[in-house]
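Any value given below was found using the heavy atoms of this structure, including those in side chains, with hydrogens, waters and symmetry copies removed. In this text the structure is predicted, and so the values were computed from the model without any measurement. First the proteins, then the strands, lettered A, B, ... as listed; each starts at 1.
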Amino acid sequence: AQSVAQPEDQVNVAEGNPLTVKCTYSVSGNPYLFWYVQYPNRGLQFLLKYITGDNLVKGSYGFEAEFNKSQTSFHLKKPSALVSDSALYFCAVNYGNMLTFGGGTRLMVKP
Amino acid sequence: NAGVTQTPKFQVLKTGQSMTLQCAQDMNHNSMYWYRQDPGMGLRLIYYSASEGTTDKGEVPNGYNVSRLNKREFSLRLESAAPSQTSVYFCASSEAGQRNYGYTFGSGTRLTVV
């Protein structure tokens with residue numbers, strides 16, 4: 001069975017600083033990995049995905065994620081955080097056409 | 001395009017009452033899903049429907065039933081609500097058999113059982 005772990009419940013970062021939200025996964029075979037963002041009182045919105053190819057994938061709102069097969073990780077990154085990036089972020093793995101989500105990480109960007 | 005539409009957005013139930021959460025998608029997706037979101041636990045799959053006419057249990061199906069009414073609509077029913085079912089419920093849809101596509105989510109139903 002597949003699983004996803006987000007080891008940090010909350011990440012705090014100052015506006016303008018780089019941010020990283022961590023994600024590790026466990027799945028047999030090739031993983032299809034996703035990041036979603038959830039703003040207050042809203043559904044989840046797709047940010048980016050890794051299917052195959054370049055280990056660095058770029059997504060919406062200036063976010064990117066790095067796939068590392070040896071470390072089974074898929075960390076979300078952004079070079080310069082904005083206050084408006086404050087939200088709940090979910091990592092997910094799709095195996096057998098079923099998404100399994102991590103527990104979520106709350107990102108707080110302070111001015 | 002509306003995408004995935006959920007109704008109602010908010011609901012308060014008394015213990016033992018029943019209700020049905022409605023979900024409809026206009027993207028011609030084959031697969032639909034119901035998740036619940038609880039603090040610190042991420043999203044947990046309740047039921048899913050891989051295609052019209054089929055439904056299967058997910059991780060936490062107890063206390064729920066579902067109906068795939070047609071290709072567009074997938075409803076979730078609580079027959080006898082319990083306080084443990086207080087949660088935010090999300091419906092989602094996707095293309096069947098397409099692992100490289102993610103899901104499209106509705107905006108959620110916030111349910112409180114007192």
Side-chain angles (χ1 to χ4, degrees), chain A residues 1-10 21-25 27-53 57 59-60 63 65 67 74 76 87-106, chain B residues 2-10 21 23-25 27 29-51 54-61 87-111:
Chain A
Q2 65 270 24
S3 66
V4 177
Q6 295 180 241
E8 302 154 316
D9 290 337
Q10 183 161 317
V21 182
K22 296 179 180 178
C23 171
T24 59
Y25 66 91
V27 64
S28 56
N30 295 322
Y32 285 25
L33 296 159
F34 297 80
W35 275 102
Y36 286 83
V37 60
Q38 184 182 29
Y39 297 102
N41 300 316
R42 302 290 297 276
L44 278 69
Q45 299 177 30
F46 170 80
L47 267 183
L48 51 79
K49 65 182 179 184
Y50 171 82
I51 305 302
T52 187
V57 293
S60 306
F63 284 92
F67 172 66
F74 188 55
L76 181 70
L88 189 56
Y89 291 81
F90 289 96
C91 182
V93 61
N94 189 332
Y95 190 77
N97 200 36
M98 198 67 60
L99 271 182
T100 298
F101 289 87
T105 298
R106 186 165 301 280
Chain B
V4 177
T5 302
Q6 291 183 235
T7 56
K9 294 189 182 304
F10 301 94
L21 282 63
C23 175
Q25 53 92 8
M27 296 167 289
H29 285 167
N30 287 305
S31 300
M32 298 184 74
Y33 312 84
W34 276 106
Y35 286 87
R36 60 177 290 173
Q37 182 181 23
D38 301 292
M41 302 191 73
L43 278 78
R44 293 181 292 170
L45 183 64
I46 305 170
Y47 271 93
Y48 67 99
S49 172
S51 62
T54 69
T55 61
D56 287 286
K57 295 178 180 180
E59 181 184 355
V60 289
S87 187
V88 182
Y89 292 84
F90 288 100
C91 178
S93 68
S94 73
E95 284 293 331
Q98 297 289 335
R99 287 182 58 205
N100 56 327
Y101 288 95
Y103 294 0
T104 300
F105 285 85
S107 58
T109 296
R110 188 174 297 273
L111 175 67

With the side chain counted from C-beta on, respond yes when A/Thr100 and B/Glu59 share a heavy-atom pair under 4.5 Å apart, and no when they do not. no

Atom CZ in B/Phe10, atom CG in A/Asn41: separation rounded to 0.5 Å? 5.5 Å

Would you please name every residue forming a side chain to side chain donor-acceptor pair (under 3.5 Å) with B/Arg44, sequence neighbours left out? B/Asp38

Which bit of B/Leu45 comes within less than 4.5 Å of chain A, counting heavy atoms only: side chain, backbone, both or neither? side chain

Part of A/Leu88 lying under 4.5 Å from any heavy atom of chain B: side chain

Let's go through B/Gln37 and A/Phe101 carefully: what are the C-alpha distance in whole Å and the side-chain angles of both, what is the deciding distance for side chain to side chain contact (heavy atoms under 4.5 Å, CB included) to 0.1 Å, and is it a yes or a no? CA-CA 11 Å; B/Gln37 182 181 23; A/Phe101 289 87; over 6 Å; no

Within a strict 4.5 Å, meaning less than it, do heavy atoms of the A/Leu99 and B/Tyr33 side chains meet? no

Of the backbone (N, CA, C, O) and the side chain (C-beta and beyond), which part of A/Gln38 lies under 4.5 Å from a heavy atom of chain B, both, or neither? side chain

Which atoms of A/Phe46 are under 4.5 Å from chain B, going by heavy atoms: the side chain, the backbone, both sets, or neither? neither

For the backbone of A/Leu44 and the side chain of B/Tyr103, can you confirm whether one donor and one acceptor N or O come within less than 3.5 Å of each other? no

